[in-house]
Protein chains: 2
Amino acid sequence: MVNNNSDFKIVDASALPSFIPVGPANLKEKIYAQVAPDLSRIEEEINRLLDSDIPLISVVGRYITGSGGKRLRPLLMVLAAKLCGYKGEEDVRLAVVFEFVHAATLLHDDVVDHAEFRRSRPAANTLWGNPAVVLVGDFLYSRSIQLAVGYEDVRILQVLLDATTRMSEGEVLQLINSDNLEISESEYLEVITRKTAVLISAACVTGAIFGGGGKGEENALKTYGQSLGIAFQLIDDTLDFTGEAEELGKPVGNDLQEGKATLPLIYALRNAKAAERLRLRQIFTAESIPSEKLREITEIVARSGGIEYTINQAYAHSMRAKEALGIFPESPVKEILLDMADYVTCRRA
Amino acid sequence: MVNNNSDFKIVDASALPSFIPVGPANLKEKIYAQVAPDLSRIEEEINRLLDSDIPLISVVGRYITGSGGKRLRPLLMVLAAKLCGYKGEEDVRLAVVFEFVHAATLLHDDVVDHAEFRRSRPAANTLWGNPAVVLVGDFLYSRSIQLAVGYEDVRILQVLLDATTRMSEGEVLQLINSDNLEISESEYLEVITRKTAVLISAACVTGAIFGGGGKGEENALKTYGQSLGIAFQLIDDTLDFTGEAEELGKPVGNDLQEGKATLPLIYALRNAKAAERLRLRQIFTAESIPSEKLREITEIVARSGGIEYTINQAYAHSMRAKEALGIFPESPVKEILLDMADYVTCRRA
């Protein structure tokens, strides 16, 4: 069940941790200004590759990839290749592989979660139905691996398929853990690593291999991608409590409604006062959660320090991501990657 | 909607074409006796590979692969490799790739078709729900390609991913054509080629490449697999009219209920008497089809010659499959492959 009141804001500013990160002014704009040419190459390639004789594939494919995503994965692949010395333009098709795998996952997630909204628009399954969304997801996934095979590099395929296999295990793990309030912090970290960080990390490693980096560069970019991915997902999970529905493009409290216990809640379940812990369990395990009870959960979680704790963890992973790049000499590309690691922890949507 | 009366037999023997093929006595038993050692290696490997730390994956994976399938695809890969001279036992993991891809497709098909039964058992989605079935399907698919990557042969990966991409396009095409009575015979052939023949053909080509065959052997086995696959699917489509629910493991008339116009019906829509053609359209386009109307459709289709025509087409493809093996010298393995081409046209389930 989803709360459709998109104006609804769960917490009062007074309940938020006082130190919510703001980040350097205009960090997002600074990053975008520098990656604009790469982003536009990526957009063109996505568009070209979604041409299909089968209109339903083009339409659903364009809808899911055109819904305002950040192109984080293809962009990281392209930047990682540049960081390792690559200078050509043959990288872009391989970069798009990571966007298509991600899009396939989003389509199947919408079916699995019975989602109604994604990024401020109706979820694809509400427009075309589950059968079309499952099958177009399968197509995008298969087509993306076919594109990667075209590069004739077995090592890249190993990295990609290790990632997709771990991801799909992660999706199953997440499903098994839905409505599970007993999930530990380390189990939760395993789920988000598989579900988010593994593909982001694979995009970075693929960039390193494609760009001609050695084992050291590969490992550094693997750690960078993995840590950035975890930080990204941790912030995503806090935004489900503190975000604005309009900026998020989906209702606040969506994870709670879908029975997903994320780190802010897991922390509160161990650290809130006894009566509040009981109250969290009562509300969370109900069939659906009305707005006023979502507000109550969020206030308890914020009071317990769960949001602050999660943001701190995200910071720590973002720091680790930046440290991993220490082996590379200073360069404009490295600076973009460092800025991106900062940005994921201070983003508001 | 599915007709659950499993005793129900649609046509009287008198309405069946008189020449329904019987095939050489005990052809099935003859084939099984010779492939038993290979089948048991395949079974062991399937079982080993389905061990997972995540019990839901093992359980659903074992259920879908353990539901009495014929292991047609892995068996063909193994036999094709032997035909090209391969003598080792390293083939079996690559063979299982084709069974896992097939299993993933079956899982997603059950979600897409809202199936209630498969091979005499409840469809997986009725036991574990759509989310688990979609995600375990994704896992099996990803894991199977990962296994194929392990062989470090880019050509095999090209064959495999070309097949899975064309297959998933075929699934989308079939979805678009559901309830479409205007589908032409050639459009229908395109759908069944993609949905069934392409993966069977890829298993044969992979066997040829793995077994060290040259371009001529590859092409011959490609044609063999493609023609055998089409013949297999054409017979499947006639069995939906003439089979026994108990042998099929699903209700007779299942395709009609799911809005799938297959060749027997497509033929009848062009060749039955005018009043009967109108009647077919009336019945087929209804929301669901009661038993007595299923019987009526089947009798019209049989009278029009649609079943006979489809079986003849299957024969022609089976002949083409056998002819393609002409380049290979006589051998026990070749004889099994020829017998299999005969068997697909005379099977009753």
Side-chain angles (χ1 to χ4, degrees), chain A residues 52-57 60-61 101 104-105 107-114 128-176 178 194, chain B residues 52-57 60-61 101 104-105 107-114 128-176 178 194:
Chain A
S52 167
D53 295 340
I54 303 170
L56 186 63
I57 287 179
V60 179
V101 168
T105 311
L107 287 174
H108 286 188
D109 277 352
D110 283 350
V111 171
V112 166
D113 295 335
H114 312 287
W128 290 282
N130 284 347
V133 168
V134 169
L135 296 179
V136 175
D138 287 345
F139 169 78
L140 281 177
Y141 184 56
S142 185
R143 179 79 180 110
S144 62
I145 299 172
Q146 188 190 32
L147 291 171
V149 170
Y151 282 83
E152 302 193 0
D153 184 321
V154 170
R155 289 205 37 244
I156 287 175
L157 293 169
Q158 281 165 346
V159 169
L160 178 62
L161 271 298
D162 283 355
T164 57
T165 303
R166 288 190 67 203
M167 264 175 89
S168 65
E169 284 174 331
E171 294 277 346
V172 176
L173 272 180
Q174 178 171 276
L175 180 70
I176 293 170
S178 63
R194 287 172 178 259
Chain B
S52 167
D53 294 340
I54 304 170
L56 185 63
I57 287 179
V60 178
V101 169
T105 311
L107 287 173
H108 286 188
D109 278 352
D110 283 350
V111 171
V112 167
D113 295 336
H114 311 287
W128 291 282
N130 284 347
V133 169
V134 168
L135 296 179
V136 175
D138 287 346
F139 169 78
L140 280 178
Y141 184 56
S142 186
R143 179 80 180 109
S144 62
I145 300 172
Q146 187 189 33
L147 290 170
V149 169
Y151 282 84
E152 303 193 1
D153 184 321
V154 170
R155 288 203 39 242
I156 287 174
L157 293 169
Q158 281 166 344
V159 168
L160 178 63
L161 271 299
D162 284 355
T164 56
T165 304
R166 288 189 66 203
M167 264 175 88
S168 65
E169 284 175 331
E171 295 278 345
V172 176
L173 273 181
Q174 177 171 277
L175 181 71
I176 293 170
S178 62
R194 285 172 180 260

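A note on names: the letters A, B, ... follow the listed sequences, proteins ahead of strands, and every chain is numbered from 1. Atoms considered below: every heavy atom in the structure, side chains included; atoms not considered: hydrogens, waters and symmetry mates.
- Among B/V154, B/L160, B/T165, the residue making the largest number of heavy-atom pairs under 4.5 Å with chain A is B/T165.
- With a threshold of 4.5 angstrom between heavy atoms, A/D53 does not approach chain B through any atom at all.
- Looking only at heavy-atom pairs under 4.5 Å with chain B, the residue among A/D162, A/N130, A/V136 that has the most is A/D162.
- With respect to chain A, the highest number of heavy-atom pairs below 4.5 Å among B/D153, B/V111, B/D138 belongs to B/D138.
- To the nearest 0.5 Å, atoms CG (A/L173) and CG (B/L135) are separated by 10.5 Å.
- For A/I145, the parts sitting under 4.5 Å from any heavy atom of chain B are the backbone and the side chain alike.
- Of all non-hydrogen atoms in A/Q158 and B/V149, the two that sit nearest each other are CG-CG1, 3.6 Å.
- Note: A/E169 leads A/R143, A/R155, A/E169, A/E171 in heavy-atom pairs under 4.5 Å with chain B.
- For residues 129-150 of chain B, the ring pair (Phe, Tyr, Trp, His ring centres under 6.0 Å) pairs, not counting sequence neighbours, are A/Y141-B/Y141.
- Here the closest heavy-atom approach between residue B/L175 and residue A/P131 is recorded as CD1-CB, 3.8 Å.
- If you measure heavy-atom distances from A/L157 to chain B, the contacts under 4.5 Å come from both the backbone and the side chain.
- Residue pairs meeting the ring pair (Phe, Tyr, Trp, His ring centres under 6.0 Å) criterion with at least one member in residues 142-174 of chain B, sequence neighbours excluded, are B/Y151-B/F210.
- A/H108 contributes atom NE2, which lies 5.5 Å from atom NE2 of B/H108 (distance to the nearest 0.5 angstrom).
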